[in-house]
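Hydrogens, waters and symmetry mates are skipped; everything else that's a heavy atom, side chains included, is used. Quick caveat: nothing in here was measured; it's all calculated off a predicted structure.
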Amino acid sequence: MMDNKLYESFEAAVADIPDGASIMISGFTEPGTPHNLVKALYYQGARDLTIIANGGGGTGRDELINVGRLIAERRVRKVM
């Protein structure tokens, strides 16, 4: 039997991601990136992450929270 993988919020979906986790992010740089999940991860506070993605994304606008911002703030150990 399969566990229910639906969460009530983006914050709940990332709540148990520990420091040092490996996270695969879909999309090709900005288009297709799950921005709401990345933003929830940013506010969740995990550090020392390994990000598996097609691109690191730019830091861009200050209000945009993306993979590039996680990298710029030294919360990512490695990008693959």
Side-chain angles (χ1 to χ4, degrees):
M1 181 169 227
M2 188 179 254
D3 290 337
N4 184 354
K5 299 292 182 180
L6 297 177
Y7 293 92
E8 292 187 23
S9 67
F10 295 106
E11 293 77 15
V14 301
D16 62 348
I17 294 177
D19 289 350
S22 294
I23 301 171
M24 182 175 280
I25 299 175
S26 66
F28 187 74
T29 60
E30 291 304 313
T33 297
H35 292 287
N36 290 324
L37 285 171
V38 174
K39 184 176 181 178
L41 179 63
Y42 175 84
Y43 287 117
Q44 184 260 18
R47 306 186 68 76
D48 199 31
L49 300 170
T50 296
I51 301 292
I52 305 160
N54 283 330
T59 53
R61 302 182 316 266
D62 289 337
E63 70 275 7
L64 182 64
I65 295 174
N66 57 18
V67 175
R69 185 135 171 215
L70 289 170
I71 294 168
E73 293 188 12
R74 299 185 170 273
R75 297 194 28 205
V76 176
R77 177 176 39 111
K78 179 174 27 174
V79 177
M80 300 170 80

Output every pair passing salt bridge (Lys or Arg N to Asp or Glu O under 4.0 Å) with a member in residues 43-54, not counting sequence neighbours, ordered by first then second residue.
D48-R77
Do the side chains of T33 and N66 get nearer than 4.5 Å, heavy atoms only?
no
Test side chain to side chain contact (heavy atoms under 4.5 Å, CB included), reference V67, set L41, I25, N54, output is I25
So which residues get pulled into M80's cluster when ILVMFWY side chains under 4.5 Å apart are joined, directly or through others?
M24, I52
Tell me every residue that passes side-chain contact (heavy atoms from CB on, under 4.5 Å) with F10, counting only those two or more places apart in sequence or in another chain.
N36, L37, A40
E73 side chain vs R75 backbone, donor-acceptor pair below 3.5 Å
no
